[in-house]
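Worth knowing before you read on, the calculation uses all heavy atoms, side chains too, and leaves out hydrogens, waters and symmetry mates. First listed ligand is number 1; within each ligand, the first listed atom is number 1.
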Amino acid sequence: MGSVKVEQLTKEFAGVKALNNVNLDIQEGEFFALLGPSGCGKTTTMRCIAGFEQPTSGTILIGDKAVNSIPPNRRNCGMVFQSYALFPHMNVFENVAYSLNIKQLNSSNIISQLGIYGRLLNRKLGKYPKDIEKKVMEILEYVELDQYASRLTSELSGGQQQRVALARALVMEPAVLLMDEPLSNLDQKLRHTMRNTIRRIQQDLGITTIFVTHDQEEAMSMADRVAVMSKGEVMQIGTPTDLYSRPATPFIANFVGTSNILKGAVVETNGFTIVKGEGFVLKSSQQTNKKGVDVIIRPENIKIYKQNQEQSAVANLIEGKILVSTYLGSIVRYDVQVGSYQLTVDTTYSSGESILGEGEKIKMSIEPERVLLI
Ligand code: ATP
């Protein structure tokens, strides 16, 4: 069983709380990301699950078994690190076969244990039992590295090394795969390719995977669910779309994608909620009991009208002035002054269209359903 439960996990280092009452309930076969800024406690959470760190308090369950007192090598977790942690003096095959060989030696019966010296000698000569050889070559083929089996890992590219690290974790057939910032040493393009490779393998094998990252795009594009962490606590857990469309706090709204966050006061509730702030009055379809609210508007949910453009019967019409326009290929991003706020607005761009220039006065509209109140 590869489900993982973390209950009221707290970890202190020399009196400083790195984790404060963290609760996670990860389903078997789920791809779960721990996302948050540097120092928020992602790695500590993962290290507690793996058994490399002992919690100050709280329980960790893998399947239905509490594992707090079980050493890391018996938790049935495969780990992939940011630094790959490969043996540079061994070739690709040997790196992947290493743990499997040790495991088989440890678990072998008395008859085969008598042959342990012969096995170790064989390993020195580069020979492995047939079953290990078959399994290693299968997994290398799976990560498309079978052609590189005899190459030293120091002679591989970063992406290839990362795939060796992945193969080494997977060959043990762990119940849970733990990955700590596995892509952050790769360049942008390779990161994209590796994201797809990891996701494909995770789905093929249906292996419960916990993935630590500070890169929201990585978490959102790969994970089934994401836990956003800050200062040792879990702020929100949800699917990528949940987090994006219903962030629980301004911190999450800002951390998960780009957001415009305006301070406002509720001035009327008439089926809609009318919120007034500096330089704007906005209508939201969301209900709230609060008097003071944070208004969250995603950049792509703001529509821009040029000065002479028709804008009859649109909701939430507000005026602004273009400060900066940035051409980003398929979209143009505008920084727009509204009262004392600087809003970010993304508009789709088709070739040949004109781009608004600095100082141009515009109007903008936002659908009431897209005006979130926190
Ligand atoms: P990053 O993305 O930078 O790796 P993180 O979210 O993984 O950060 P952790 O490495 O879990 O964060 O660290 C959480 C907090 O615990 C940090 O304040 C860190 O300084 C502290 N910490 C982690 N390990 C130790 C340790 N061994 N001794 C003392 N403090 C530690």
Side-chain angles (χ1 to χ4, degrees), residues 4-26 30-62 67-69 71-73 75 77-86 158 161-162 165-166 169 176-188 190-191 194-195 198 208-223 225-238 240 243 247-257:
V4 177
K5 237 184 192 168
V6 171
E7 294 175 340
Q8 300 180 336
L9 179 65
T10 294
K11 175 70 188 172
E12 290 180 11
F13 291 107
V16 177
K17 263 191 189 163
L19 296 177
N20 185 21
N21 199 22
V22 167
N23 290 286
L24 302 169
D25 190 353
I26 300 163
E30 194 172 22
F31 195 126
F32 194 89
L34 297 175
L35 171 69
S38 180
C40 71
K42 308 178 294 289
T43 297
T44 306
T45 306
M46 179 165 281
R47 286 175 62 80
C48 286
I49 295 170
F52 299 131
E53 230 39 279
Q54 199 53 38
T56 306
S57 61
T59 311
I60 292 161
L61 292 107
I62 298 181
V67 295
N68 288 48
S69 55
N73 61 337
R75 291 196 183 189
C77 294
M79 187 98 192
V80 178
F81 301 92
Q82 177 179 354
S83 59
Y84 318 134
L86 301 175
Q161 289 185 41
Q162 193 52 287
L166 186 59
V176 182
L177 180 63
L178 304 173
M179 309 184 90
D180 191 355
E181 302 262 9
L183 308 182
S184 52
N185 282 350
L186 305 177
D187 66 46
Q188 177 88 0
L190 203 50
R191 271 214 298 267
M194 275 304 285
R195 270 185 210 170
I198 291 171
T208 312
T209 300
I210 306 178
F211 188 97
V212 161
T213 181
H214 61 267
D215 180 334
Q216 59 97 15
E217 198 184 303
E218 211 163 270
M220 303 288 273
S221 63
M222 294 172 82
R225 280 190 308 151
V226 179
V228 183
M229 296 184 70
S230 171
K231 298 179 184 157
E233 295 186 6
V234 173
M235 311 298 286
Q236 188 176 3
I237 298 177
L243 292 176
T249 64
F251 167 81
I252 295 167
N254 229 356
F255 198 75
V256 177

Q) Would you call E7 and N23 a side-chain contact if the rule is heavy atoms closer than 4.5 Å? A) yes
(Q) Could you check whether atom 3 (O) of ligand 1 has a protein contact, counting only heavy atoms that fall below 4.0 angstrom? (A) yes
**Q.** Heavy-atom nearest neighbour in the protein, as seen from atom 10 (O) of ligand 1, with distance rounded to 0.1 Å
**A.** T43 CB, 3.7 Å
Q | Numbered atoms of ligand 1 (with element) below 4.0 Å of T44, judged on heavy atoms | A | 9 (P), 11 (O), 13 (O), 14 (C)
Q: State whether the shortest distance between N or O atoms of S38 and N or O atoms of ligand 1 falls below 3.5 angstrom.
A: yes
Q. With a 4.5 Å heavy-atom cut-off, do I210 and E30 have their side chains touching?
A. no
Q: Decide, yes or no, whether a salt bridge links K17 with E233 under the criterion of side-chain N to carboxylate O below 4.0 Å.
A: no
Q.
Taking distance alone, with N or O pairs closer than 3.5 Å, would you say K42 contacts ligand 1?
A. yes
Q: Check whether any N or O atom of A18, backbone or side chain, sits under 3.5 Å from an N or O atom of ligand 1, and answer yes or no.
A: no
Q: Check ligand 1 against P37 and write out every atom of the ligand that is under 4.0 Å from a heavy-atom position of the residue.
A: 6 (O)
Q. At the 4.0 Å heavy-atom cut-off, does E181 count as touching ligand 1?
A. yes
Q: Using protein heavy atoms only, decide if any is under 4.0 Å from atom 26 (C) of ligand 1.
A: yes
Q. Does G41 have a non-hydrogen atom less than 4.0 Å from ligand 1?
A. yes
Q: Using a 4.5 Å cut-off on heavy atoms from C-beta on, say whether the side chain of M229 contacts that of L19.
A: yes
Q.
Under 4.0 Å from a heavy atom of C40: which atoms of ligand 1 are those, numbered in the order shown and with their elements?
A. 5 (P), 6 (O), 12 (O)
Q. Do the side chain of N185 and the main chain of Q82 share a donor and acceptor less than 3.5 angstrom apart?
A. yes
Q) Of the listed options (S230, A14, G39), which comes nearest to atom 1 (P) of ligand 1 when hydrogens are ignored and any heavy atom counts? A) G39
Q. Quick one: does F13 get an N or O within less than 3.5 Å of an N or O on ligand 1?
A. no
Q: Mind listing the closest non-hydrogen atom pair of P240 and V226 along with its distance?
A: CG-CG2, 4.4 Å
Q | Q54 side chain to S69 backbone, donor-acceptor under 3.5 Å | A | no
Q. Between T213 (side chain) and A219 (backbone), is there a donor-acceptor pair under 3.5 Å?
A. no
Q. So, for K42 and L35, which heavy atoms are closest and what is the spacing to 0.1 Å?
A. CD-C, 4.0 Å
